[in-house]
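What follows is a structure written as structure tokens; I'll ask about it next.
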Amino acid sequence: MPVEPLSQKEVEDRLAELPGWSLDKDHLIRSYRLGSHFAATAMVVHIAQVQEELNHHSDLTLGYNTVSLAVHTHSEGGAVTEKDFELARRVEDLAPGHGAH
């Protein structure tokens with residue numbers, strides 16, 4: 001099923017619903033701080049599971065106690081799509097359970 005790129009207005013409207021997320025060129029980005037390296041690693045594993053469920057894999061970076069994502073749809077030339085926002089929403093839903101902020 002093809003995924004259509006969102007307009008700049010659609011991206012801005014959806015970002016307003018996701019505090020902490022922003023647009024960097026053609027990527028939705030967000031970083032989280034966690035209480036420990038173990039907590040950050042657990043969150044990365046959980047995000048990887050969500051990415052597999054959605055068949056949508058973002059750039060995911062693990063730091064000592066941080067997790068960062070850069071999300072865009074490769075098949076649409078790096079454009080931002082609804083698929084990106086679905087992943088962002090799912091990550092936002094799981095973050096509190098890992099103590100991320």
Closest heavy-atom contact between Leu54 and Leu87?
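So the minimum-distance heavy-atom pair works out to CD1-CA, 3.8 Å.
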Validation row: Leu15, Phe85 side chains within 4.5 angstrom (heavy atoms)
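The answer is yes; the side chains approach within 4.5 Å.
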side-chain contact (heavy atoms from CB on, under 4.5 Å) for Leu60 and Val67? Distances and angles first, verdict last.
CA-CA 7 Å; Leu60 182 57; Val67 174; 3.8 Å; yes
Would you mind writing out the side-chain donor-acceptor pairs for residues 42-51 within the sub-3.5 Å range, not counting sequence neighbours?
{"from": "His46", "atom 1": "ND1", "to": "His98", "atom 2": "NE2", "distance (Å)": "2.9"}
{"from": "Gln51", "atom 1": "NE2", "to": "Ser58", "atom 2": "OG", "distance (Å)": "2.6"}

Apply side-chain hydrogen bond (donor to acceptor under 3.5 Å, both in side chains) to the pair Asn65 and Ser36, showing each step before the final yes or no.
CA-CA 5 Å; Asn65 65 341; Ser36 68; over 6 Å; no
Ile29 side, atom CD1; Thr61 side, atom OG1 - distance, nearest 0.5 Å:
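Separation between the atoms: 11.0 Å.
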Residues two or more places apart in sequence or in another chain: which of them pass side chain to side chain contact (heavy atoms under 4.5 Å, CB included) with Glu12?
Gln8
Test side-chain contact (heavy atoms from CB on, under 4.5 Å) on His56 and Asp84 and set out the steps.
CA-CA 8 Å; His56 190 46; Asp84 302 317; 2.6 Å; yes
Arg33 atom CZ, neighbour heavy-atom count above 12 within 6.0 Å
no
Electrostatic pair Lys83-Glu4, nearest N-O below 4.0 angstrom:
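The answer is no: the pair does not qualify as a salt bridge.
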Would you list the atom pairs, donor with acceptor, under 3.5 Å between side chains in residues 17-27 and any protein atom, with sequence neighbours excluded?
{"from": "Trp21", "atom 1": "NE1", "to": "Glu92", "atom 2": "OE2", "distance (Å)": "2.9"}
{"from": "His27", "atom 1": "NE2", "to": "His72", "atom 2": "ND1", "distance (Å)": "2.6"}

Can you hop from Val80 to Val3 via hydrophobic side chains spaced under 4.5 Å?
no
Donor-acceptor contact below 3.5 Å, side chain Asn55 vs main chain Glu52:
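Looks like no, no N/O pair under 3.5 Å.
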Is Lys9 salt-bridged to Asp13, going by a charged N under 4.0 Å from an acidic O?
yes
Compute both the distance and the angle, then confirm whether Arg30 meets the cation-pi test with Tyr32: under 6.0 Å from the six-membered ring centre, within 45 degrees of the axis.
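Here Arg30 passes the 6.0 Å and 45° test against Tyr32.
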If you compare all heavy atoms of Thr81 against all heavy atoms of Leu6, which two are closest, and at what distance to 0.1 Å?
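Between these two residues, the closest heavy atoms are C-CD1, 3.6 Å.
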Where Gly63 and Ala40 come nearest, the two heavy atoms and their spacing
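Here Gly63 and Ala40 meet closest at O-CB, 4.4 Å.
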Is there a side-chain contact between His37 and Leu62, using heavy atoms and a 4.5 Å cut-off?
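Result yes, sub-4.5 Å side-chain heavy-atom pair found.
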